[in-house]
Amino acid sequence: MGKPVIAGNWKMHMTCAQARDWLATFLPLIADTPDDRELVVAPPFTAISTTAEITSGSRLEISSQNVHWEAEGAFTGEIAPSMLEEHGVRYAIVGHSEPRKYFSESDEQINHRARSAQAHGLIPIVCVGESDEQRSRGEAERVIRRQVEQGLEGLDPNRLVVAYEPIWAIGTGKTCESSEANRICGLIRSWVGAPDLIIQYGGSVKPGNIDELMGMSDIDGVLVGGASLDAESFARIANYQVA
Ligand code: 13P
């Protein structure tokens, strides 16, 4: 079984100067964090190099917020795996609900991105999750199952993280009940058929709910948005304690 993965997704936040300040506060706060968990931050592309330089030799790993399936070419605005590898990036978030919504990313494209990540030694963090309307229509499980079946097709589950992020819980302050998040993560595990798959929960994770979430049997980490922008909050999340 891999270690739980605690990841902060900075989204479209953080200049290099802000990343430097954040790291100056954060790194001392994880000096005594137990080694039983993996700590990851996903800066915007422009802050990856600065973050990589400052974190080199530390235990904080870097994720990108995207990766393309081609090695190079005419793909304006995209990023190639080799460009990430050059900076020691270890993870790549793909299939987040924001590009799914704003750029109409399909499960097929997400699958291409995730396969490309694995082919280049990156660990994809593949996000899945239902909208409010889908949940109220009773379609949550069907939607997530389709995202899992199409998005994860052909991937090696031993070099993969799946993040269950219900869209209605992202940036809203409404966390999914930990028992319900755990139930969905358990379903994802059974659909993938890989007992050791790392499955994160994401959506309004905060210092106040991290310990309860990490105490759940099928939640192996978290993907944190807003609360990861504050170094002290994210350090508290990284230092979660399970009773
Ligand atoms: P929040 O933690 O701000 O709800 O965002 C979650 C998320 O989208 C992480 O990828």
Side-chain angles (χ1 to χ4, degrees), residues 1-12 14 16 19 37-100 103-128 147-165 188 192-194 196-200 202 220-224 228:
M1 184 86 185
K3 294 178 186 180
V5 178
I6 306 298
N9 174 10
W10 285 349
K11 307 191 179 183
M12 198 174 70
M14 294 276 186
C16 289
R37 61 203 71 182
E38 180 105 334
L39 304 179
V40 182
V41 69
F45 296 140
T46 47
I48 284 182
S49 166
T50 298
T51 305
E53 274 167 32
I54 297 173
T55 57
S56 117
S58 88
R59 61 178 288 184
L60 184 60
E61 299 284 355
I62 298 178
S63 174
S64 65
Q65 296 181 19
N66 201 1
V67 65
H68 199 261
W69 51 85
E70 293 290 345
E72 61 181 3
F75 299 100
T76 303
E78 291 285 339
I79 193 96
S82 61
M83 297 168 185
L84 301 171
E85 282 177 296
E86 192 179 29
H87 296 288
V89 170
R90 184 165 162 76
Y91 294 86
I93 297 173
V94 301
H96 193 279
S97 62
E98 287 147 15
R100 282 183 192 263
F103 306 117
S104 307
E105 284 236 319
S106 66
D107 287 312
E108 193 186 1
Q109 286 170 318
I110 290 157
N111 183 251
H112 282 314
R113 293 186 188 282
R115 284 182 188 230
S116 155
Q118 285 196 339
H120 290 87
L122 294 162
I123 300 173
I125 301 177
V126 182
C127 306
V128 299
Q147 292 172 339
V148 165
E149 286 177 355
Q150 297 180 5
L152 305 185
E153 200 195 326
L155 295 177
D156 174 357
N158 298 313
R159 294 183 295 125
L160 173 67
V161 175
V162 177
Y164 169 53
E165 297 207 307
I188 294 172
V192 178
D196 292 341
L197 177 66
I198 301 287
I199 306 181
Q200 297 176 315
D220 313 312
V222 285
L223 186 55
V224 187
S228 75

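Heads up: numbering here begins at 1 and tracks the sequence.
- Inter-residue side-chain proximity for R100 and Q147 is flagged as met; some heavy-atom pair is nearer than 4.5 Å.
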message: Between N111 and Q150, does the side-chain contact (heavy atoms from CB on, under 4.5 Å) criterion hold? Intermediate values first, please.
response: CA-CA 7 Å; N111 183 251; Q150 297 180 5; over 6 Å; no
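- S63 places a side-chain N or O within 3.5 Å of a backbone atom of Y91 that can act as its donor or acceptor partner.
- Closest of all the heavy-atom pairs between N66 and S64 is O-OG, 2.8 Å.
- The backbone N or O of I199 sits less than 3.5 Å from a side-chain atom of D220, completing a donor-acceptor pair.
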task: Step by step, work out the side-chain contact (heavy atoms from CB on, under 4.5 Å) result for I125 and Q200.
output: CA-CA 9 Å; I125 301 177; Q200 297 176 315; 3.5 Å; yes
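- Side-chain N or O atoms of R159 include one that pairs as donor or acceptor with a backbone N or O of Q118 at under 3.5 Å.
- Separation of atoms OG (S228) and CE (M14) is listed at 7.0 Å; rounding is to 0.5 Å.
- Looking at heavy atoms from C-beta onward, H68 lies out of side-chain contact with M83 at the 4.5 angstrom threshold.
- A distance of 7.0 Å separates CD1 in I123 from CD in E38, rounded to the nearest 0.5 Å.
- Taking CG of L84 as the start and CD1 of I48 as the end, the distance is 5.5 Å to the nearest 0.5 Å.
- Residues A80 and V67 share a closest heavy-atom pair of C-CG2, 4.4 Å.
- At least one donor-acceptor pair closer than 3.5 Å links the side chain of Q65 to the backbone N or O of K11.
- Nearest heavy atom pair, residue A92 against residue L122, reads CB-CD1, 4.5 Å.
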query: Does the side-chain contact (heavy atoms from CB on, under 4.5 Å) test come out yes or no for L223 and I93, once each step is laid out?
result: CA-CA 10 Å; L223 186 55; I93 297 173; 4.2 Å; yes
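- When the shell of 6.0 Å around CD of E149 is examined, it contains more than 12 heavy atoms from other residues, nucleotides or ligands.
- Using modelled atom types, one finds a donor on one side chain and an acceptor on the other under 3.5 Å when comparing H96 with E165.
- In terms of modelled atom types and a separation under 3.5 Å, the side chain of H87 and the main chain of V89 share no donor-acceptor contact.
- Taking every heavy atom of both residues into account, D156 and N158 meet most closely at OD1-N, 2.8 Å.
- A donor-acceptor pair is defined here as one N or O able to donate and one able to accept, closer than 3.5 Å; such a pair exists between the side chain of R115 and the backbone of E153.
- When every heavy atom of W10 is checked against every heavy atom of A19, the shortest pair comes out as CZ3-CB, 3.8 Å.
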message: Is there a side-chain contact (heavy atoms from CB on, under 4.5 Å) between R90 and V40? Walk through the geometry before answering.
response: CA-CA 9 Å; R90 184 165 162 76; V40 182; over 6 Å; no
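- Between S116 and P81, the closest heavy-atom pair is OG-CG, 3.4 Å.
- A heavy-atom distance below 4.5 Å is found between the side chains of L160 and P124.
- Contact of the F103 side chain with the Q109 side chain is not registered, since no non-hydrogen atoms from C-beta on lie closer than 4.5 Å.
- D196 is not listed as a side-chain neighbour of P157, based on a closest heavy-atom distance of 4.5 Å or more.
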